[in-house]
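Shown next, in structure tokens, is the structure this report addresses.
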2 protein chains.
Amino acid sequence: MPRSTRRRPALAHPATEEIDLYDVLHALADPTRMTIVRVLRTEPERACGTFPVDVAPSTLSHHFKVLRESGVITQREEANRRFSALRTVDLERRFPGLLDTVLAALARNEAADTA
Amino acid sequence: MPRSTRRRPALAHPATEEIDLYDVLHALADPTRMTIVRVLRTEPERACGTFPVDVAPSTLSHHFKVLRESGVITQREEANRRFSALRTVDLERRFPGLLDTVLAALARNEAADTA
DNA sequence: ACGCCTTTTCGATAGTTGTCGAACATCGCA
DNA sequence: TGCGATGTTCGACAACTATCGAAAAGGCGT
């Protein structure tokens, strides 16, 4: 019998209808977390430690928790890795167009920074 | 000679190109400020003290400052009143669709709260 | 069984934020 | 000139946040 499969406490994820706008806006109002979201936009999922952010592992863990509890990402455990994925479908159903618009705005924001 | 007209220090407003996405998201990630924005969406401008928010005057002043310095609203002085207006045109030019999308999301958010 | 890798949790800390009350500034008006 | 109305500024304060390092938990490979 495989001893893995559901041992650690289940990860908390809000249901789609429970995703709160203020939580989402707050989650996105941070450069480190926004970087995570931007990367996740281009890939279906990715392990936590592989993101191009320059913070301590414990800090990164904190940001993933904020993103997960706000409903922006899902996290799935596999072995000793934790994979994250954007909840694009859920977010689109809950707040249509929000993610796309914010990411487009992010591109504008960064274009201006380097101009 | 009218003794009014530009006596107090000019109010700080970021230029359109200087509006920062993180500042905007942070400004919108607060229910009191979001209420102000929602009301301002339906009227060209409005005096500070006339908003349906239940906080102390000093707190309200603080929120207006956050909204103004983030580039979400403009403030104009007239006599001893201060009128606020949404920077809809500037915001649309800087981050197309952002304000509309967030306000639509707000409607969804509140609809769910009361459901 | 042991060590390594990945990630979380804990404790601490410095900085930010929302809130208030009191005091101050400005203007219009009597 | 003084009063009242409108807002702001100034402390102060409690709550929250981003950050870190150290320690621990869980899984894999040798």
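Hydrogens, waters and symmetry mates play no part in the numbers below; they use all other heavy atoms, side chains included. Quick note on labels: first sequence line is chain A, next is B, and so on, each numbered from 1.
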Under 3.5 Å, which protein N or O atoms sit close to an N or O of nucleotides 10-13 of chain D? Give each pair with its distance.
none

Interface polar pairs with nucleotides 11-16 of chain C, N/O, under 3.5 angstrom:
none

Contact list (N/O, under 3.5 angstrom) for nucleotides 5-7 of chain C vs protein:
residue, atom, partner, partner atom, Å
C:dC5, O2, A:N80, ND2, 3.2
C:dT7, OP1, A:C48, N, 3.3
C:dT7, OP2, A:G49, N, 2.8

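Every residue two or more places apart in sequence or in another chain that forms a side chain to side chain contact (heavy atoms under 4.5 Å, CB included) with A:A56 is listed here: A:S58, A:T59. Partners of A:A104 by side chain to side chain contact (heavy atoms under 4.5 Å, CB included), not counting sequence neighbours: none found. When the side chain to side chain contact (heavy atoms under 4.5 Å, CB included) test is applied to B:R76, the partners found at least two apart in sequence or on another chain are B:E45, B:E78, B:F83. Under the salt bridge (Lys or Arg N to Asp or Glu O under 4.0 Å) criterion, B:R93 pairs with no residue at all, not counting sequence neighbours.
Geometrically, A:R82 does not engage A:F64 in a cation-pi contact defined by less than 6.0 Å to the ring centre and at most 45° from the axis.
A:R81 places no side-chain N or O within 3.5 Å of a backbone atom of A:A47 that could act as its donor or acceptor partner. Counting only distance, with no hydrogens or angles, the side chain of A:S61 and the backbone of A:P57 share no donor-acceptor pair below 3.5 Å. Side-chain atoms of B:N109 come within 3.5 Å of backbone atoms of A:L21 as a donor-acceptor pair (strictly under, hydrogens ignored). Side chain of A:H13 to backbone of A:Q75: a donor-acceptor contact under 3.5 angstrom is found. Between the side chain of A:T101 and the main chain of A:G97, a donor-acceptor pair closer than 3.5 Å is present.
Between B:F51 and B:L40, the closest heavy-atom pair is CZ-CD1, 3.5 Å. Across all their heavy atoms, B:E43 and B:R46 have their closest contact at OE2-NH1, 2.5 Å. Smallest separation of non-hydrogen atoms from B:C48 and B:S84: SG-OG, 4.0 Å.
Rounded to an integer number of Å, the gap from A:L60 CG to D:dC20 C1' is 13 Å. A straight line from CZ of B:F64 to P of D:dT8 spans 8 Å, rounded to a whole angstrom. Rounded to a whole Å, the NE2 atom of B:H62 is 8 Å from the P atom of C:dT17.
Annotation: salt bridge (charged side-chain N to carboxylate O under 4.0 Å, His left out) contacts involving residues 55-69 of chain B, sequence neighbours excluded, are absent.
Of all the residues in residues 66-74 of chain B, not one reaches under 4.0 Å from DNA chain C with any non-hydrogen atom. Near-neighbour residues of DNA chain D inside residues 28-46 of chain B, defined by a heavy atom below 4.0 Å, are absent.
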Give every donor-acceptor pair under 3.5 Å between a side-chain atom in residues 22-30 of chain A and any protein atom, sequence neighbours left out.
residue, atom, partner, partner atom, Å
A:D30, OD1, A:T32, N, 2.9
A:D30, OD1, A:R33, N, 3.1

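A:R108 has no carboxylate O lying under 4.0 Å from a charged side-chain N of B:E17, or vice versa, which leaves the two without a salt bridge.
At the heavy-atom level, B:H63 lies under 4.0 Å from the strands shown only through sugar-phosphate atoms.
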Secondary-structure string, 5' to 3', Watson-Crick or G-U under 3.5 Å, | for another-strand partners, for DNA chain D: ||||||||||||||||||||||||||||||
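No path of Ile, Leu, Val, Met, Phe, Trp and Tyr side chains, each step under 4.5 Å between heavy atoms, connects A:L106 with A:V66, placing them in separate hydrophobic clusters. Linking ILVMFWY side-chain heavy atoms closer than 4.5 Å, directly or via other members, places B:I19 and B:L11 in two distinct hydrophobic clusters.
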